[in-house]
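These notes are about the structure you will find just below.
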Amino acid sequence: MKLSIIASMFNEEAVIEAYLDHTLAVLKRHYENYELLLIDDGSTDKTVSLCFPYLAENPHIRLISFSRNYGHEIALTAGLEHANGDYVILMDTDLQHPPELIPHFTAKANEGYDVVCAMRTNRDEETFFKRTTAKLFYGLSRKMTGFDLNANTGNFRLLTRRVVDSLNKMKESNRHLIMLFAYLGYKTVNIPYHCPPRYAGKTKYNLRKLLGLSLDSIIGFSSRPLRLMSILSVMISVVMMGYAGFILIQKLFSHQQLADGVASVIFLVAVLFSVLFLFLAVISEYISRILIESKNRPLYNIKQEYTQHSINLEKSQL
């Protein structure tokens with residue numbers, strides 16, 4: 001059975017050579033039929049050029065270079081669409097995903113599992129803020145989507161060919177692969193591992209990207225925010241109609257007025273407009289994603305694909 005390794009990279013010149021040395025050593029030791037698919041997500045440093053010597057020596061390596069930076073999720077999606085293996089493994093190039101786990105992945109897959117996830121047993125390298133927000137996000141996502149999400153499993157996992165084929169049928173633009181994995185289901189098992197610190201460089205996910213990914217994951221896979229706002233609006237409408245009826249009766253049959261004064265009017269207007277604008281914000285998020293999906297644009301554009309043949313051909317022409 002053929003094994004495909006998909007590794008996305010974006011400005012990883014400080015770590016890419018160590019990653020390739022480490023990963024290729026594991027692959028050569030355990031497998032004969034494999035491919036290492038490198039997806040360059042629009043790097044602006046020497047990441048791509050540092051890969052060329054490895055491509056020239058190893059026919060099992062392919063490199064796909066994007067025309068610009070499209071994001072980590074899109075890079076992995078491109079890898080899934082171009083991978084040829086019966087087993088496909090997604091991983092990062094910062095060596096926080098140890099290549100030594102690859103044989104354990106395939107061993108579990110041979111036992112009949114369709115998805116084999118690496119589950120972190122530590123989060124030492126993360127700040128308290130990131131650990132807290134991750135916990136909140138996964139808790140909120142579980143309630144909003146109904147999916148069984150594990151906060152300690154990420155994209156580092158093995159997928160069988162039928163899972164990859166199912167993923168490739170889903171063409172939505174706002175992608176969160178962890179949510180797509182949960183949506184598909186399939187027989188899954190977790191392998192615990194100790195996550196080492198980054199070999200070099202720093203994470204490319206800042207707070208803005210994490211918030212955007214979190215919002216996409218909830219809105220893209222659940223209509224519950226709209227349902228909750230609808231329920232809230234109905235509840236407020238019932239309360240306000242009851243209150244209006246009470247004020248009318250009191251006005252007609254009593255001299256004591258509960259709603260006298262400007263403060264009560266300001267309070268009611270503020271509450272109603274707050275709910276209205278909150279509802280509009282939720283609706284606008286859904287409409288913006290409908291707009292993007294309706295355009296049906298390609299998820300990415302490939303600038304060039306490199307193989308051993310193309311690299312050696314360029315060398316011979318120089």
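Given the structure is predicted, the values throughout are model-derived calculations rather than measurements. Residues: numbered from 1 along the sequence shown.
- Heavy-atom minimum distance, Phe10 versus Gly42: CE1-O, 3.5 Å.
- Rounded to the nearest 0.5 Å, atoms CD (Glu305) and NE2 (His82) are 6.0 Å apart.
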Pair Leu55-Gln308, side-chain contact (heavy atoms from CB on, under 4.5 Å): steps then yes or no: CA-CA 5 Å; Leu55 273 83; Gln308 184 188 53; 5.5 Å; no
Test side-chain hydrogen bond (donor to acceptor under 3.5 Å, both in side chains) applied to Asn190 and Tyr113, step by step: CA-CA 10 Å; Asn190 296 328; Tyr113 292 99; over 6 Å; no
Kindly list each side-chain donor-acceptor pair under 3.5 angstrom involving residues 156-164, sequence neighbours excluded, with atom names and distances?
{"from": "Arg157", "atom 1": "NE", "to": "Gly154", "atom 2": "O", "distance (Å)": "3.0"}
{"from": "Arg157", "atom 1": "NH2", "to": "Gly154", "atom 2": "O", "distance (Å)": "2.7"}
{"from": "Thr160", "atom 1": "OG1", "to": "Asp114", "atom 2": "OD1", "distance (Å)": "3.2"}
{"from": "Arg161", "atom 1": "NE", "to": "Gly85", "atom 2": "O", "distance (Å)": "3.1"}
{"from": "Arg161", "atom 1": "NH1", "to": "Asp165", "atom 2": "OD1", "distance (Å)": "3.1"}
{"from": "Arg161", "atom 1": "NH2", "to": "Ala83", "atom 2": "O", "distance (Å)": "3.0"}
{"from": "Arg161", "atom 1": "NH2", "to": "Gly85", "atom 2": "O", "distance (Å)": "2.8"}
{"from": "Arg162", "atom 1": "NE", "to": "Asp114", "atom 2": "OD1", "distance (Å)": "2.9"}
{"from": "Arg162", "atom 1": "NH2", "to": "Asp114", "atom 2": "OD1", "distance (Å)": "3.2"}
{"from": "Arg162", "atom 1": "NH2", "to": "Asp114", "atom 2": "OD2", "distance (Å)": "2.8"}

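- Remark: the backbone N or O of Leu177 is paired with a side-chain donor or acceptor of Glu73 at under 3.5 angstrom.
- Judged purely by distance below 3.5 Å, without hydrogens or angles, the side chains of Tyr19 and Asp92 never pair a donor atom with an acceptor atom.
- Asn69 contributes a side-chain N or O that, together with a main-chain N or O of Asp41, makes up a donor-acceptor pair within less than 3.5 Å.
- The OH atom of Tyr34 sits 4.5 Å away from atom NE2 of His60, with the distance rounded to the nearest 0.5 Å.
- When all heavy atoms are compared, the tightest approach of Gly79 to Leu37 is O-CD2, 3.5 Å.
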Using side-chain contact (heavy atoms from CB on, under 4.5 Å), reason through Glu100 and Thr23 one step at a time and then give a plain yes or no. CA-CA 8 Å; Glu100 288 80 9; Thr23 303; over 6 Å; no
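- Between the CG atom of Leu38 and the CG atom of Leu20 there is a distance of 5.5 Å, given to the nearest 0.5 Å.
- Of the possible donor and acceptor atoms, none in the side chain of His22 sits under 3.5 Å from a partner among the backbone N and O of Ala18.
- Listed here is the closest heavy atom pair of Leu3 and Thr106: CD1-CG2, 4.0 Å.
- Judged by distance alone, with hydrogens and angles left aside, the side-chain atoms of Asp86 form a donor-acceptor pair with the main-chain N or O of Lys2 at under 3.5 Å.
- Judged by distance alone, the side chain of Ser4 and the main-chain N or O of Val88 form no donor-acceptor pair under 3.5 Å.
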Begin with the C-alpha distance, continue with both residues' side-chain angles, and end with the deciding distance and a verdict on side-chain contact (heavy atoms from CB on, under 4.5 Å) for Phe105 and Ile191. CA-CA 8 Å; Phe105 280 164; Ile191 296 179; 3.7 Å; yes
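- Inspection of the Tyr300 and Thr77 side chains reveals no N or O donor paired with an N or O acceptor under 3.5 Å.
- Checking Asp21 against Tyr54 by side-chain atom types alone, a donor-acceptor pair falls below 3.5 Å.
- Put simply, the side chain of Gln304 never gets that close to the backbone of Ser65: no donor and acceptor are under 3.5 Å apart.
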Could you walk me through whether Leu36 and Arg62 pass the side-chain contact (heavy atoms from CB on, under 4.5 Å) check? CA-CA 6 Å; Leu36 177 56; Arg62 287 191 290 152; over 6 Å; no
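- Atom SG of Cys195 sits about 4.5 Å away from atom CD of Gln96, to the nearest 0.5 Å.
- The CD1 atom of Ile39 lies 9.0 Å from the CG atom of Leu80; values are rounded to the nearest 0.5 Å.
- When hydrophobic clusters are built by joining Ile, Leu, Val, Met, Phe, Trp and Tyr residues whose side-chain heavy atoms come closer than 4.5 Å, directly or via intermediates, Leu90 is not grouped with Met119.
- No side-chain donor-acceptor contact under 3.5 Å links Thr121 to the backbone of Pro192.
- Counting heavy atoms from C-beta outward, Met170 and Leu184 have side chains that approach closer than 4.5 Å.
- Looking at Ile89 and Ile6, their side chains never come closer than 4.5 Å, going by heavy atoms from C-beta outward.
- Checked by atom type, the side-chain pair Asp40/Tyr306 shows no donor-acceptor distance below 3.5 Å.
- Taking the ring axis of Phe66 as reference, the NZ or CZ atom of Arg68 does not stay both within 45° of it and closer than 6.0 Å to the ring centre.
- Of all non-hydrogen atoms in Cys117 and Thr188, the two that sit nearest each other are SG-CG2, 3.8 Å.
- Ala118 and Leu101 get closest at one heavy-atom pair: CB-CD1, 4.2 Å.
- More than 12 heavy atoms of other residues, nucleotides or ligands sit less than 6.0 Å from atom CD of Glu111.
- Residue Ile102 comes nearest to Met91 through the heavy atom pair CD1-SD, 4.4 Å, listed as atom of the first residue, atom of the second, then distance.
- Other residues, nucleotides and ligands contribute more than 12 heavy atoms inside 6.0 Å of the CE atom of Met1.
- Residue Lys303 holds its NZ atom at 12.0 Å from CG of Asn301, rounded to the nearest 0.5 Å.
- A salt bridge links Glu81 with Lys171: the distance from a Lys NZ or Arg NE/NH1/NH2 to an Asp or Glu carboxylate oxygen falls below 4.0 Å.
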